Amino acid sequence: MQINARLVRKENYEPKELNLHETLFHNANGYIGIRGTLEEGVPTDYPTMRGQYIAGAYEIIPMKQAESLCNLVEKKQTMINVCDTQTIRLSVNGEEFLPIKGGVSEANRILDMAEGYTERTTVWTSSSGRVIRVRIRRMAHFTVKELFTIEYEVEALNFNGEAVFDSSHVSEVANYSDPDDPRLADESPCYLKTVEQGFSESRSFSVAKTEKSGVCVAVATDHVVLSDSRSDSMIREEGTTLITRLRIPIKQNEKITLIKYAAFADSIRETDPKARVMQVLSDAMSRPLADLYGEQKNYLAQFLAHSCMQIEGDAELDDAVRFNMYQLLCAAPHDAHSGIAAKGLSGEGYEGHFFWDTEMYVVPFFILTDPSLARNILSFRYATLPAARENAALLGHKKGALYPWRTITGVECSGYFPSGSAAYHINGAIAYAVIQYYLSTDDTAFMTRMGLEILLETARLWMDTGVYDRQGRFCIQEVTGPDEYTCMVNNNYYTNASAAYNLRFASKLYERLKGDEAVKQLAAKLQITDKEIADMQKAADAMYLPYDEEYGINPQDDSFLEKPVWDLAATPKDDYPLLLHYHPLHLYRYQVCKQADTVLAHFLFPDLQSVQTMEKSFRYYEKITTHDSSLSTCVFSMTASMLGLKEEALAYFGDSAKLDLLNRHENTKDGVHTANMGGCYMAIVNGFAGLRVTEDGLSINPYVPEGLSRYSFPFAYRGRSLKLTVEQGRATLELISGEPLRFHFRDRKEELGKEEPWTQKL
Ligand code: BGC
């Protein structure tokens, strides 16, 4: 398989580029995430987010509410920046390697997505004329989740002398903050306080604990020097920083290497995190580093075998999609202790909170590429179902579960309820993902153990929220849909459509599985009655979906079309994103959308409307959507594909695919836009290829957009491994493993056997 799996960028050591590179070249493995900050540090006035994170590790902090209205959220969780093991200062013959201050003749950064490391290479001349080449390779290991390594190689190009490394283990570090940006924390204390630290021979260790959440993080580091000469080492402690100094003679044209191993563990997953990090280090250091690199490469080869998307005809797009898919893997949790944060593990934007982003935009990717990871993500939602029930009760519901809009452990953390807790559609997204997982995997065991309970409890919430109006329509009032520029409305089309889907499927699945012993126990536990199930079905059938005769479109909600249209053409460029320049109430009074809302509903539930209505809606919302949210253009692309608007589909796809690589939203410095990355995958698979999984099975309706010549991708479906290749004029579906398949091509029934691929002229 010939693919380019490298992202290469010139490193100019420019302040405004550094924090962007910190994100693009971060290392993460679903458990730890380390931003690509400079080992040698930066001057204090440089913008930098020197971060390292553990999935799900958090502190509880007060939420400032201006007025203490009943049951508002008064505490929130925030992701914590854990111990910094990145810092390594280098001096050669007494001169400190500080490329940021000049002397750089050549520098670049690489992210190698087939090998699973990042690398920074710099050729640097000191003020006295000594030249060195420094190559620093970093890896967050995919199979030894706790392990982060730095391989620091120095080559003296024109002198003999001595290299001195001061390698630190900083136990207490502060979080990043920006009081002017609502998408970041406004305060930045050190949340972890050291409870134990020291050296055990050459190995540094620290155990630190948060005050409120009681989460403990243990970290240990150790070093190996590779050199022909003998090195000296010295250890010292400065407050909560543990420093190892290594002096190594260096000769012209000789390379010396310092390998720094760091291990991270937490008390959420481990009873003795300190013992765990010590063990991880001993195991890792008993093997050559090359072995660990080899394991990393094998892991990624497996990942690529299940997921490698190849696009021909536009190499940049092909690279961008590969980058996005790699980032999704870096964010994917490997247990049920955490979800996927809006920025994955790449930065502190949105304080490490998990939103509907995960289920609506990221789970679809894993369902098709590694269903076991999708199951982990959904298991986290199952584990937090009790918290969702409590959340529903806080909001006055007598029954059901309402998932929090933003959270780390399942508790609501959104401070501004109009565009937070009121976004009930998160329940719809979670239910949709559970259903998609089930339809694509046939994993009935998951459904009887977890999935059905999620579906029933989310369905109950809709029953408890909705009311029948005088015309007998089931209505859902005072909620916020995906578009956060329109809040607290009645009958948001998207919310109602996803509630109906949730209700219908919950009742149907319950009926189907109710003979199962586990489901009988579940029914007893939840005290489900046949009447309740029948009521769910009735509400789904009676669900009100707003439709406007005059425009022939689905209004976003009951009052949407009554508002004046925001004049986007007259809005100055600098006023975007609007949320940073206009009071929310002002925005709510206009027809202006932050992101796809009804357009997303059309894509997910195409059977609810005619193609003409959906096309008119698409055209209508297109004119009033700012795409200020990164969750938007990918949806416009897939809906355009579904409607046969090929040019639009490609244009929106291009915007979405390169969003972080080109820093289009100018905030990639705060972390990658994980949901968009999943959406970009969906724009190809569900958009261009028209792949859908419904109760009728798998269907495809592929085309190749103008300007591309071919694309192909493998995917999993009900125990099978398949590959779809689409060229201009032809589609081919291959069965790589598993049983023969019946599927739909457009409206036609087709069969794919083991012997020959299915091919079709387009
Ligand atoms: C979007 C939400 C999204 C959140 C986190 C906001 O800008 O409007 O839909 O969940 O970002 O990505």
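This structure is a prediction, so every number in the text was calculated from the model and none was measured. Numbering of ligands and ligand atoms starts at 1, following listing order.
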Will you find, in the side chains of Glu478 and Tyr424, an N or O donor that is under 3.5 Å from an N or O acceptor?
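The answer is no; no qualifying pair exists.
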Does the side chain of Ser632 pick up a donor-acceptor pair with the side chain of Ser629 at under 3.5 Å?
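The answer is no; no qualifying pair exists.
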Between Glu74 and Lys64, is there a side-chain N and carboxylate O pair less than 4.0 Å apart?
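Looking at Lys64 together with Glu74, the answer is no, because their closest N to O distance does not fall below 4.0 Å.
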Counting from 1, what ligand 1 atoms have a heavy atom of [X] closer than 4.0 Å?
X	result
Leu631	3 (C), 9 (O), 12 (O)
Ala342	5 (C), 12 (O)
Trp356	2 (C), 3 (C), 9 (O), 10 (O)
Ser629	1 (C), 8 (O)

When you measure from atom 6 (C) of ligand 1 to each heavy atom in Tyr350, Tyr361, Phe355, which option holds the nearest one?
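Result: the heavy atom closest to atom 6 (C) of ligand 1 is in Tyr350.
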Which residue from Glu484, Lys594, Arg406, His353 reaches closest to atom 7 (O) of ligand 1 through any of its heavy atoms?
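Going through Glu484, Lys594, Arg406, His353 one by one, Lys594 has the nearest heavy atom to atom 7 (O) of ligand 1.
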Note the single closest protein heavy atom to atom 12 (O) of ligand 1, along with its residue, its atom name and the distance in Å.
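Atom 12 (O) of ligand 1 sits closest to the protein heavy atom Asp357 OD2, 2.5 Å.
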Atom 8 (O) of ligand 1: the protein heavy-atom neighbour that sits closest, reported with distance to 0.1 Å:
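Its nearest protein heavy-atom neighbour is Gln595 OE1, 2.6 Å.
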Between Phe25 and Arg35, is there a cation-pi geometry (under 6.0 Å to ring centre, at most 45° from the normal)?
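Geometry flag: not set, cation outside 6.0 Å or 45°.
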Using side chain to side chain contact (heavy atoms under 4.5 Å, CB included) as the criterion, point out the one residue from Thr369, Asn324, Val321, Val362 that pairs with Tyr681.
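Considering Thr369, Asn324, Val321, Val362, a side chain to side chain contact (heavy atoms under 4.5 Å, CB included) with Tyr681 is found only for Thr369.
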Heavy atom under 4.0 Å from ligand 1: found in Tyr485's side chain, backbone, both, or neither?
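No part of Tyr485 comes within reach of ligand 1.
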Do other residues, nucleotides or ligands put more than 12 heavy atoms under 6.0 Å from Gln65 CD?
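Enclosed: over 12 neighbouring heavy atoms sit under 6.0 Å from CD of Gln65.
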Do the rings of His586 and Tyr582 sit parallel, tilted or perpendicular, given the 30° and 60° boundaries?
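Correct class here is parallel.
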